[in-house]
Amino acid sequence: MPYLWEIPMGTRPGMLVPAQIYALEEMIDAILNDNSIEQLIHVSMLPGIMKAAMVMPDVHQGYGFPIGGIAAMRWPDGVISPGGIGYDINCGVRLLRSQLHEKQISAQLEELSVELYKEVPSGIGKGGQLTLDREQLTQVLKKGALWAVENGYGDRKDLQNIESGGVLDFADPQYVSEHAFQRGFAQLGTIGAGNHFVEVDRVEEIYDEETARVFQLQKGQIVILIHTGSRGLGHQVATDYIRIMQTAMSRYGLKSPDRELACVPFDSKEGQEYYKAMCAAANFAWCNREVITWEIRKAWNKVFGENGGKLDLLYDVAHNIAKIEEHHIDSKIQKVIVHRKGATRAFGPGNKEIPAHFLQTGQPVLIPGSMGTNSYVLAGTRGSEDLTFGSCCHGAGRRLSRTAAKKQVEAVQLKKKLQDQGIHIQSGSFRGLAEEAPIAYKDVDLVVETVQQAGIAKKVAKLRPLAVIKG
DNA sequence: ATGTCC
């Protein structure tokens, strides 16, 4: 079955590389239904882009650049574009592995959801359990997840199971605006709203026994999935630098086909300042997911006490970020600025950037489904390094806009329907529920099937939701 | 995604 479609370079004036769409044929109609392929063609025109502009099967329209998009620019003179990273800098996913089986928690599942909802603050604009002062937030921006560990809100063992160790050293808080600081002081340890969640899952199916053994996953086991990012702080960094680049780009002789797709050369003053601020926001997000993990462990211990065992971190991935990486291009190793917007790094066996204990299997790749549908644990492959700059999909991918979803979905009925399927929903907003209804998303099973067939990731386990905590 | 418009 075909899974890769290419729009040749000459199709439109200004294209510097071909545009590639990874999707099974039955997904194509939905993909052509919004503006995402037009946006992909715009990306193929960005100065310094290498090989191809790519989208994953979960692609949908985003701000300037499609969500589910990947673009690698020549280092150091190719462009960096905040639209290619997204407003939620280092939005990402982490998976905590419990030592309990579903039958050991089923009687207390509702109690657990309530405790998780109490312990992990959620909702738009909501503050958290900690309020940082300026010096503390500056340290969070520099140190990422390590700050949580050093201050009693994390576990040192977690650090080796976070992409990039949970910190980007290029971060420099002096390029994060006062406004962004103000939005960040009270938001550490909060999940936010939209599609962000904490989810209790059961391991439903194992596809690859050997990899599952290394990942320490088995059928029936309870795991917890966390999906959130850098909250208002990262959003403000993106807003600030999109505005700066919109006026700066003409000074570098750059013209964009879309005002939303602002960019500047990576090695320019504005490019360097944005990158340092982006790394700081990414560090905030990794610290945020570490503090949320601490909150979840508190709730877990409260409910299960001594019988609860430990919640270990399998892995933490970023899916809205730019990374400086080396890749094989035109049969030589070249340094590139890889933009992943709604795309997950999926490095394969033997890659030196992943933890040693995953060297034989490839890194864990975490793919959340929509609310009430399955999620997946995949493993990265060498195929992704050959084809997609070591990247794959990030989730189900929106099919309907938030507005369209609200028109079609009645939240009270939706909640009841999910309850009937055995899924507890703990949410502060009915409107948010309607926007995140499964009908608003593509079929995650098809998304995962595509990346598996394309050889850019392989299936390890399927997860089924039992309880969802969201804003 | 987001104090969903300074």
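So that the names make sense, note that chain A is the first sequence line, chain B the second, and so on, each numbered from 1.
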Quiz prompt | Partner set under ring-ring contact (aromatic ring centres under 6.0 Å, His included) for A:Phe347, not counting sequence neighbours | solution = none

Quiz item: side-chain hydrogen bond (donor to acceptor under 3.5 Å, both in side chains) between A:Tyr441 and A:Asp58: does it pass, once the steps are laid out?
Solution: CA-CA 9 Å; A:Tyr441 282 84; A:Asp58 49 340; over 6 Å; no

Practice problem: Could you tell me the separation between the CD1 atom of A:Ile242 and the C1' atom of B:dC5, rounded to a whole number of Å? | Solution: 16 Å

Quiz prompt | Pairing of A:Glu199 and A:Lys470 as salt bridge, 4.0 angstrom limit | solution = no

Quiz item: Using a cut-off of 4.0 Å on non-hydrogen atoms, how would the nucleic acid contact of A:Gln187 be classed: base, sugar-phosphate, or nothing?
Solution: sugar-phosphate

Quiz prompt | DNA chain B contacts among residues 401-415 of chain A, heavy-atom distance under 4.0 Å | solution = A:Arg402

Exercise. Applying ring-ring contact (aromatic ring centres under 6.0 Å, His included), name anything that partners A:Tyr22, two or more places apart in sequence or on another chain.
Key: none

Quiz item: Under 4.0 angstrom, heavy atoms only, what part of the nucleic acid is A:Arg398 near: base, sugar-phosphate, or nothing?
Solution: nothing

Quiz prompt | Whole angstrom value for the distance that separates C1' of B:dT2 from CG of A:Asp240 | solution = 13 Å

Quiz prompt | Residue list, side chain to side chain donor-acceptor pair (under 3.5 Å) with A:Lys298, at least two apart or on another chain | solution = A:Glu119, A:Gln129

Self-check item: Sugar-phosphate, base or nothing in reach of A:His179, heavy atoms under 4.0 Å
Solution: base

Quiz item: Atom OH of A:Tyr87 and atom P of B:dC5: how far apart are they, to the nearest Å?
Solution: 11 Å

Quiz prompt | Sugar-phosphate, base or nothing in reach of A:Ala193, heavy atoms under 4.0 Å | solution = sugar-phosphate

Quiz item: Could you state the NE2-P distance from A:His235 to B:dC6, rounded to the nearest angstrom?
Solution: 10 Å

Quiz item: To the nearest Å, how far apart are A:Ile124 CD1 and B:dT4 C1'?
Solution: 6 Å

Practice problem: Send over the distance from A:Lys470 NZ to B:dT2 C1', rounded to a whole Å. | Solution: 14 Å

Practice problem: Please report, rounded to the nearest Å, how far the P atom of B:dT2 is from the CG atom of A:Leu233. | Solution: 12 Å

Self-check item: Qualifying side-chain hydrogen bond (donor to acceptor under 3.5 Å, both in side chains) pairs with a residue from residues 64-74 of chain A, counting only residues at least two apart or across chains
Solution: A:Arg74-A:Asp77

Quiz item: ring-ring contact (aromatic ring centres under 6.0 Å, His included) with A:Tyr63: which residues, sequence neighbours excluded?
Solution: A:Tyr87

Exercise. Would you mind reading off the distance between A:Asn90 atom CG and B:dT2 atom P, rounded to a whole angstrom?
Key: 13 Å

